[in-house]
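Below is one structure; the comments refer to it alone.
Chain letters run A, B, ... following the sequence lines, proteins first, then strands; residues in each count from 1. None of these values were measured; they are calculated from a predicted model.
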2 protein chains.
Amino acid sequence: VKEAIERLREIDREIYRLSEISAALGWDQETYMPPGALNDRAEQQSIVEGMIHERITSAEVGNILEKLGVDLENLSADLVIDGLEEIDNAFVREIARFYKRETKLPKKLVEEYAREASISQSRWVEARKASDFSIFKPHLEKVLSLKCEIADLIGYEKERYDALLDSYEPWMKTEELLSVFERFEGRIKEFVKRIVASGKKVNNDFLYRSFDRKKQEEFGRFILGEMGFDFERGRLDVSAHPFTTSLGFADVRLTTRYNEKDFKSGLFGIIHEGGHGLYEQGFSEKLIGILADGTSMGIHESQSRMWENLVGRSLPFWKAYFPKLKETFPGELSDVSLEDFYRGINEITPSLIRVEADEVTYNLHIIIRFKLERELLNGKLKVQDLPEAWNSEYSGLLGIKPPNDADGVLQDIHWSHGYFGYFPTYSLGNLYSAQFFAKMKSEIPGLEDEIGKGNLQVVLSWLREKIHRHGRVYPATKLCMEVTGETLDPDYFMKYLEGKYQDIY
Amino acid sequence: VKEAIERLREIDREIYRLSEISAALGWDQETYMPPGALNDRAEQQSIVEGMIHERITSAEVGNILEKLGVDLENLSADLVIDGLEEIDNAFVREIARFYKRETKLPKKLVEEYAREASISQSRWVEARKASDFSIFKPHLEKVLSLKCEIADLIGYEKERYDALLDSYEPWMKTEELLSVFERFEGRIKEFVKRIVASGKKVNNDFLYRSFDRKKQEEFGRFILGEMGFDFERGRLDVSAHPFTTSLGFADVRLTTRYNEKDFKSGLFGIIHEGGHGLYEQGFSEKLIGILADGTSMGIHESQSRMWENLVGRSLPFWKAYFPKLKETFPGELSDVSLEDFYRGINEITPSLIRVEADEVTYNLHIIIRFKLERELLNGKLKVQDLPEAWNSEYSGLLGIKPPNDADGVLQDIHWSHGYFGYFPTYSLGNLYSAQFFAKMKSEIPGLEDEIGKGNLQVVLSWLREKIHRHGRVYPATKLCMEVTGETLDPDYFMKYLEGKYQDIY
């Protein structure tokens, strides 16, 4: 057994390095790659993904899993192999999961998908710049059809969405997701309605004054440092759509984008990605390989959303950092008080862009995407009808119609990569983040005072200990139980919102 | 035969993409990679190089070469396989060359070398920053010993240097190189002596005023555009040591470095790398694969050195661009005339840094490196004695002793990568560039007038037609014959220097 696991680790290590290489190529594509290199990059990605596929689906891996007595048919999050320590057990579980999934896909399809996704992503950038969905349409159609083919090969009991959701939120079924959403969707809508109906307005015109880009970056880097992001083992760059990716165990790359006319955009992007980055920088070194990763995207988003909202949009946080911000922008913010600033960055108002939405209406953006992508996958919605469907959902749920495709259906990068099934994990992240934060508060007396003193280390240490270091050792539901003693409960999020916005509205 | 070549092309295409991936990882390491990622990157490089090795040395490649009747033992630059068109013939020749070389090396060694070279390169950056050779020493020792092992496995008739020179200047023997050097080394030394003895001084203090970095970059990009560099298919970035690398057929990356107190450094770095970049952007698309590369480093350097010196340090060039330069730096250059500027950038004076040396003394820097690296490889010189040997050579040949390691033995990146045998190709490049340029002049009436009007397209078109598009189809000596009707002749370079510096000194 020991030998078998040793050999599996060797194979895993190579796959891990190949995945990092794929991440390096992807990062470069979104940050620095010249536009003409599109086809070269697509070929390169296709080759790397093909190699990963070849390695994980090798007969040797199958034989080892069989030798270890893994029952692939009935693989579950609770897999226990007698005699294995916790980490080895988790390692075998994740390898088996990956093997099971990939063996259902022919290499040609994996390569083709990698190539098309790479091209599609660049076309999306182009289409977004030109605010013209028609540039993107044929590529989205291609990627969607490949993803449907992939979902069908992987298989599912109830609906295609299951097969894809599972790659972002392992072990979760669409049904469970729907039941979670049921428990907060109505309440969120109600909450937004109440606030809109109250007629109260927050004044935050000052956030839309002109903020020098260089200074925004400088302040963003300062905040990342305060959060504990290690620049020796990571970077911050600029891309069309903010993201976080790891090019190595000690190489975590964040991106953001700056808007001189909207201060929130760059900074909260940085804090959000910083939350992801801290998770990625926090895995225990002994996990290097398939376990050195976020255990689910929901958990990953809990880290980014917690830093962005529960910490980064809190009054204590700005008690600590508003003086420094005013120092950086003395002219721009001279007439703004801490309280005005706090209220300003917490304005709740239906808006067009998800990543810039407040933490309440944010979930409405997710609900729309979740609905539309399910329909796309189930064949109820055609790609050609997507912009119209998008606009009509925004009119209905948020009461605003996007003036153009760039700020509408083209705003997110996800579908261009074929990331169908990803969006709901943002809302899961919101829910997890509130539940984790409530627990943190109960375990750390004076937490908010510490944050108010700029001692963010206290937050990071707790997250490191409870969540980060474990990587993928515990599946999401197990981790939630370990950390909070309960299953996921949307009540925490709703209570958090009610408490916070009672004061503001 | 057709089928065999088709299959070889498939294998080649994968190797080509893997080499691009390796280039992408290398480029990132020298531009943006955070320092902590060193080990991750070394592992990644090691895996990619191992995969390339595996593919080129596969039994299948061997079988195909045998089927095609390639005599590996007596492989030469003149290989002719009956019935093959020129390009296919060259393709088989280059694949056979690569196969023959790599099959002599065990995969483990290739992987180890890739890992160590990657680490060594980063340690060199560190050592150079700290100006401390001792940081770099153990890594250079390791890389040197691996390179000796590699050279011994590859084999050679006369000396180890042969086996390594051949990877940069294919088919060339150290003996031939020495005989070329013999024909100009003495004349260059004599030339420098005469100029130093003349006692004439060129005043170029104005080049060391303060030049804003942003504006330097702006002007450099403008010049690159004028040269015909295609930014849709390439980029310019910053690194510790300027270089050019291709991350894809349509993805040529240049780097430079800026020194606010030395205007020449950034700009001539850009023009030099731009010359490499134009070569890389000029390969015919039908060559994609092993033939889409410079045919030798000597030829590659002929392109960079021609643009840098024969074009970029010529009077006609600055007739065209000095007005724009003065516009960019109105304060800094207001009191400088075109003629003063031209003389200023052509000052001949022994100096410390090779890449910033004038085009005459430049060759003395090469002579030193060539001598030292041969001694390192032959075991006559130990790494620990290298700094002293370096300094003593500089005192002897250039009359100046480096004040520290950073400006001495640590100034070049090459040895950190294990690039022993590379340096002489710079001087070969100087020689080729003069011979090519003389031919260009004879074929394009009014060439200098055109350059004086800023019509650099006329230069590029000639290079594209005569040199670039052929990639590696013709080996260097054959190319030289095709283009100029003669073998390499150092006279052209000496005549060029004499003509030019008669006017200046």
Side-chain angles (χ1 to χ4, degrees), chain A residues 10 13-29 31-48 50-52 54-55 111 115 118 214 229-237 246-255 277 281 285 288-289 292, chain B residues 10 13-29 31-48 50-52 54-55 111 115 118 214 229-237 246-255 277 281 285 288-289 292:
Chain A
E10 270 176 45
R13 192 63 75 93
E14 206 177 49
I15 292 172
Y16 178 69
R17 294 306 181 188
L18 285 168
S19 308
E20 289 175 346
I21 289 168
S22 169
L25 297 173
W27 174 84
D28 180 71
Q29 179 168 358
T31 51
Y32 296 110
M33 190 184 85
L38 177 56
N39 287 321
D40 293 316
R41 187 52 46 89
E43 283 307 315
Q44 294 156 5
Q45 283 288 26
S46 163
I47 284 181
V48 174
M51 286 173 177
I52 293 173
E54 212 168 59
R55 275 155 186 76
E111 288 173 336
R115 195 183 301 116
S118 176
K214 272 273 155 219
F229 185 79
D230 181 356
F231 282 99
E232 285 287 303
R233 312 201 310 148
R235 288 183 55 85
L236 170 66
D237 293 272
S246 286
L247 278 62
F249 183 77
D251 192 355
V252 179
R253 314 260 177 128
L254 319 179
T255 70
Q281 286 189 336
E285 200 160 352
I288 285 187
Chain B
E10 268 176 47
R13 192 62 76 92
E14 204 175 53
I15 293 172
Y16 178 70
R17 295 305 180 188
L18 285 168
S19 307
E20 290 175 346
I21 289 168
S22 170
L25 297 173
W27 174 85
D28 180 72
Q29 178 168 358
T31 51
Y32 296 109
M33 191 183 85
L38 178 54
N39 287 322
D40 293 316
R41 186 52 47 89
E43 284 305 317
Q44 293 157 7
Q45 284 288 26
S46 164
I47 283 182
V48 175
M51 285 174 179
I52 292 172
E54 212 168 58
R55 275 156 185 75
E111 288 173 337
R115 195 184 300 116
S118 175
K214 272 272 156 218
F229 185 79
D230 181 356
F231 282 98
E232 285 287 303
R233 313 200 310 148
R235 287 183 55 85
L236 171 66
D237 292 272
S246 286
L247 279 63
F249 183 77
D251 192 355
V252 178
R253 314 261 179 129
L254 319 177
T255 69
Q281 286 189 338
E285 198 159 355
I288 286 188

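- Listed options B:D230, B:D28, B:I288 were ranked by heavy-atom pairs under 4.5 angstrom with chain A; first place goes to B:D28.
- With respect to chain B, the highest number of heavy-atom pairs below 4.5 Å among A:E14, A:R253, A:R13, A:R41 belongs to A:R253.
- Summarising the geometry, atom CG belonging to A:L25 is positioned 8.5 Å from atom CG belonging to B:L247; distances are rounded to the nearest 0.5 Å.
- Between chain B and the residues A:A24, A:P34, A:A37, the most heavy-atom pairs under 4.5 angstrom are made by A:P34.
- Annotation: the span from B:E20 atom CD to A:E43 atom CD amounts to 9.5 Å, rounded to 0.5 Å.
- Residues forming a side chain to side chain donor-acceptor pair (under 3.5 Å) with A:D40 (at least two apart in sequence, or on another chain): B:R17.
- Partners of B:D237 according to the side chain to side chain donor-acceptor pair (under 3.5 Å) rule, which considers only residues two or more places apart in sequence or in another chain, are B:Y32, B:R235.
- For B:V48, the part lying under 4.5 angstrom from a heavy atom of chain A is the side chain only.
- With B:Q44 as the fixed residue, the side-chain contact (heavy atoms from CB on, under 4.5 Å) test singles out one of A:I21, A:L18, A:D251: A:I21.
- Both the backbone and the side chain of B:M33 come within contact range of chain A, judged by heavy atoms closer than 4.5 Å.
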